[in-house]
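Side chains included, hydrogens not; waters and symmetry mates left out as well; all remaining heavy atoms used. Computed from a predicted model, the values in this text were never measured in an experiment. Just so you know, residue 1 is the first one in the sequence shown, and it goes up from there.
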Amino acid sequence: MDHKKIETTKAVYNAIYSTHKGKLKCFESYSASGGDYLGGNMSVGKMYTGWGFENSDVPILAIESEWEIKGVDWQERMKRYNEKHTYWLCIGIED
């Protein structure tokens, strides 16, 4: 089963996540902390995680963080500039 995402607020995401934290598992994730190789933009770092219940077919929540990467040495590249977060509720859809 596939899912669609509906953007939500940090407060809604945090309320659901904190209420069900011990019951949620990672459904999907993407990490590009040193630059988004797959997205083709090495000046942007990105992390994405979708969370859902153990016996579910789809996640219920997702979060994506993006930030600018500056500099060339690895210590400077690991700093997060202008970090922003996007939060979603996920809803299963039949194919």
Side-chain angles (χ1 to χ4, degrees):
M1 178 180 284
D2 202 7
H3 64 280
K4 67 178 181 177
K5 299 184 292 187
I6 299 171
E7 194 167 335
T8 191
T9 64
K10 179 180 181 177
V12 169
Y13 176 91
N14 285 342
I16 295 169
Y17 184 84
S18 63
T19 299
H20 300 287
K21 185 176 183 177
K23 300 173 189 162
L24 297 175
K25 70 170 191 167
C26 178
F27 263 71
E28 52 196 4
S29 67
Y30 176 69
S31 175
S33 58
D36 189 8
Y37 294 98
L38 294 179
N41 190 346
M42 294 305 295
S43 64
V44 174
K46 187 181 285 190
M47 303 267 292
Y48 174 89
T49 306
W51 298 99
F53 291 108
E54 182 73 36
N55 295 318
S56 179
D57 293 330
V58 295
I60 61 164
L61 296 172
I63 181 173
E64 181 176 75
S65 301
E66 290 186 342
W67 58 90
E68 291 177 39
I69 297 174
K70 300 179 181 181
V72 291
D73 68 71
W74 71 271
Q75 288 179 325
E76 184 64 23
R77 290 186 65 77
M78 291 299 109
K79 294 180 183 175
R80 296 181 179 197
Y81 296 94
N82 300 314
E83 189 171 14
K84 72 171 193 157
H85 307 282
T86 306
Y87 307 90
W88 294 281
L89 297 174
C90 302
I91 300 170
I93 54 174
E94 294 192 32
D95 298 329

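Within the cation-pi definition used here (under 6.0 Å to the ring centroid, within 45° of the axis), Lys70 qualifies as a partner of Tyr81.
Within the 6.0 Å centre-distance limit, the rings of Trp51 and Tyr17 are counted as a close aromatic pair. Taking the six-membered ring where the residue is Trp, the centroids of Tyr87 and Tyr13 are separated by under 6.0 Å.
Here Glu64 contributes atom CD and Glu7 contributes atom CD; the two are 10.0 Å apart, rounded to the nearest 0.5 Å. Taking CG of Leu24 as the start and OG1 of Thr49 as the end, the distance is 12.0 Å to the nearest 0.5 Å. Here CE of Met47 is found 8.0 Å from OG of Ser29. Values are rounded to the nearest 0.5 Å. To the nearest 0.5 angstrom, Arg80 atom CZ is 3.5 Å from Trp67 atom CH2. Going from atom CD of Glu28 over to atom NE2 of His3 covers 4.0 Å, rounded to the nearest 0.5 Å. Rounded to the nearest 0.5 Å, atoms CD (Glu54) and CZ (Phe27) are 8.0 Å apart.
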Discussion item. Does Ile16 form a side-chain contact (heavy atoms from CB on, under 4.5 Å) with Leu89? I'd like the steps, not just the answer.
Written reply: CA-CA 10 Å; Ile16 295 169; Leu89 297 174; 3.7 Å; yes

Item to complete: Mind running side-chain contact (heavy atoms from CB on, under 4.5 Å) on Ile6 and Ile91 for me, showing each step along the way?
Response: CA-CA 8 Å; Ile6 299 171; Ile91 300 170; 3.1 Å; yes

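By the criterion of side-chain heavy atoms lying less than 4.5 angstrom apart, applied directly or through intervening Ile, Leu, Val, Met, Phe, Trp or Tyr residues, Val12 is grouped together with Ile63 in one hydrophobic cluster. Tracing side-chain contacts under 4.5 Å through hydrophobic residues (I, L, V, M, F, W, Y), one reaches Tyr30 starting from Trp88; they form part of the same cluster.
Met42 and Ile69 get closest at one heavy-atom pair: O-CD1, 3.9 Å.
Inter-residue side-chain proximity for Ser65 and Glu83 is flagged as met; some heavy-atom pair is nearer than 4.5 Å.
Looking at Ser56, its side chain never comes within 3.5 Å of a backbone N or O of Gly52 through a donor-acceptor pair.
For Lys25, the NZ atom is densely surrounded, since the number of other residues' heavy atoms within 6.0 Å is greater than 12.
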